Asks: 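Handing you a structure now.
All values below come from the heavy atoms of this structure, side chains included, with hydrogens, waters and symmetry mates left out. Worth saying up front: this structure is predicted, and the values here are computed from it rather than measured. We name chains A, B, ... by the order of the sequence lines, and we start the count at 1 in each one.
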There are 2 protein chains.
Amino acid sequence: MDDLSGPAGPLYQQVYDAVMARIVSGELAPGMMLPSEFDLAAQYAVSQGTARKALSKLELSGLVERHQGKGTFVATTTDETSLFHFFRLRQSDGAQVIPQLVSETVRKRPANAREAAALGLAARASVFEVMRVRSINDAVVCAEQSVLDVVKFPGLKDRGGLPNALYPLYQRSYGITIARADEQLRAVMVPEAVGGMLALADNTPVMEVERRAIGISGGVMEFRLSYYLTQNLHYAVSLR
Amino acid sequence: MDDLSGPAGPLYQQVYDAVMARIVSGELAPGMMLPSEFDLAAQYAVSQGTARKALSKLELSGLVERHQGKGTFVATTTDETSLFHFFRLRQSDGAQVIPQLVSETVRKRPANAREAAALGLAARASVFEVMRVRSINDAVVCAEQSVLDVVKFPGLKDRGGLPNALYPLYQRSYGITIARADEQLRAVMVPEAVGGMLALADNTPVMEVERRAIGISGGVMEFRLSYYLTQNLHYAVSLR
DNA sequence: AAGTGGTCTAGACCACAAA
DNA sequence: TTGTGGTCTAGACCACTTT
């Protein structure tokens, strides 16, 4: 039986905050079942309807999944959802295509100014740099450089090959769930270093994508700089 | 007192559908106040809680706005929300910048194959083409070509200067509310015709954006092809 | 059969806005 | 003061999943 004396606002919001805190802390880990509506109501001394409203809001936020007859579970990041949701390249007909890894290198180095600012680190703090090239139907389509705080992702460099989708790995191995990603897109001439990696002519236009991946508690967990080839594919987005 | 015999599903969904239909038909026009929760409950012979759930879902869909003490109102598309929501160019610091119109031409012509397919029209059906060039701080930043079915937007060509944001005009003058827009982005060399309009060198990389603007009842109401200059600005999007 | 989420009701009280 | 939406409760019943 817990107490809600701390925060203010409606009861359902206090229950929402309390459960959210238990998820952030890891006490309720991804995949785990939450207490039922009645149990939760008893724990926080509210009615079932109020507990239900808190759970509905958690579901709306994407933090939990509810299934009639089974229960409420902390949301799990899977390869499918992660790739489909965060990898926006699509074919002309709108169909999703799963990219394959062509190459991958991981190294530890000091952050540059932009990376340190994005990740909220001190200048030249140590980061892991994951550089990956992806292909679709044997044609190279993008180069991605992901930059991570070594403190948040200890030992990342010494893992074997990394999985196709990184975010499920962040969640499983480091307890870091990516809730959303803010991207900034530009059309640029392919930079020389990237053009070399992708075997492109100097004057090829590519899409530069700067991503800040944000965890459920709000901080920037990953800074990613990508270059997409958009001759045969496009970046798809829905504004609503 | 209305009847809900037609459709199936939960009661609140039937109320949602009924009110939605009244909005789509124009009986409940943008800006109008809806019946209160109790009135709506009486009209459809359900409890206030059920009517409330339907209204909450309508609010979540963006079709209505609710204000404590005032009432529930059919959502209105304003220049600010429309520009902020659908015009994605931002400064490096993420700040929104309001673009100014530099030039505008409207003409009537047959649709090409891609436009006819996107709008669901017969080949070479008549469309209005609105061509606009925009600037920010006196620097040209984009060229937009909007294509509309002449049947849905009668007399558009003979209006004077069009407003900065088109969607509020669609709503006010034609009863067409844009609910969302699906965009496809590519990095390309600026096409010759566009480069001439924007006074750009031939080998400038620009972002090509193909937009399908979708009305509340689901159809494509506008097909838009834009070219954005991203030297000093970027296209911002949040994936969640 | 037991346990879960999903729907629906009836009623109470509160917070806010307008007359 | 009146009318609106916002919160909360207690209880009922249904639909689905698992044992």
Asks: Strictly below 4.0 Å: does B:T72 bring a side-chain N or O up to OP1 or OP2 of D:dG5?
Replies: yes
Asks: Considering residues at least two apart in sequence or located in another chain, which fulfil the side chain to side chain donor-acceptor pair (under 3.5 Å) criterion with A:S47?
Replies: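 A:S47: side chain to side chain donor-acceptor pair (under 3.5 Å) contacts with A:T50.
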Asks: Under 4.0 Å, heavy atom to any atom of DNA chain D: which of residues 53-64 of chain B qualify?
Replies: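 When residues 53-64 of chain B is checked for heavy atoms under 4.0 Å from DNA chain D, there are no hits whatsoever.
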Asks: Could you tell me which residues satisfy ring pair (Phe, Tyr, Trp, His ring centres under 6.0 Å) with B:F84, sequence neighbours excluded, listed by chain and number?
Replies: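 Partners of B:F84 under the ring pair (Phe, Tyr, Trp, His ring centres under 6.0 Å) test: none.
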Asks: Is any side-chain N or O of B:R66 closer than 4.0 Å to OP1 or OP2 of D:dG6?
Replies: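 Yes, because at least one side-chain N or O of B:R66 sits under 4.0 Å from OP1 or OP2 of D:dG6.
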Asks: Could you check how far CG of A:D39 sits from P of C:dA2, rounded to whole Å?
Replies: 17 Å
Asks: Test of understanding: with side chain to side chain donor-acceptor pair (under 3.5 Å), list the residues that count as partners of A:T81, not counting sequence neighbours.
Replies: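 A:T81 satisfies side chain to side chain donor-acceptor pair (under 3.5 Å) with A:T78 once adjacent residues are dropped.
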Asks: When you check the phosphate oxygens OP1 and OP2 of D:dG6, does a side-chain N or O of B:R52 lie under 4.0 Å from one of them?
Replies: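 Yes, within the criterion.
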Asks: For A:Y174, what residues pass the ring pair (Phe, Tyr, Trp, His ring centres under 6.0 Å) criterion, not counting sequence neighbours?
Replies: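 In terms of ring pair (Phe, Tyr, Trp, His ring centres under 6.0 Å), with neighbours along the sequence ignored, A:Y174 is linked to A:F153.
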Asks: How does each nucleotide of nucleotides 8-19 of chain D score, in 5' to 3' order, for protein heavy atoms under 4.0 Å: base (B), sugar-phosphate only (S), or none (-)?
Replies: SB-----BBSS-
Asks: Rounded to whole Å, how long is the line connecting atom CE of B:M33 with atom P of C:dA18?
Replies: 11 Å
Asks: Please enumerate all residues that pass side chain to side chain donor-acceptor pair (under 3.5 Å) together with B:Q48, with sequence neighbours excluded.
Replies: B:E37
Asks: In a table with atom names and distances, give each donor-acceptor pair under 3.5 Å that connects a side chain of residues 54-63 of chain A to protein atoms at least two apart or in another chain.
Replies:
from, atom 1, to, atom 2, distance (Å)
A:S56, OG, A:R52, O, 3.0
A:K57, NZ, A:Q13, OE1, 2.6
A:S61, OG, A:Y16, OH, 2.9
A:S61, OG, A:K57, O, 2.9

Asks: Only counting residues at least two apart or in another chain, list the ones meeting side chain to side chain donor-acceptor pair (under 3.5 Å) with A:R211.
Replies: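 In terms of side chain to side chain donor-acceptor pair (under 3.5 Å), with neighbours along the sequence ignored, A:R211 is linked to A:Y167, A:E183.
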Asks: Under 4.5 Å between any side-chain heavy atoms of A:R224 and A:E144, yes or no?
Replies: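 Yes, close enough: below the 4.5 Å cut-off.
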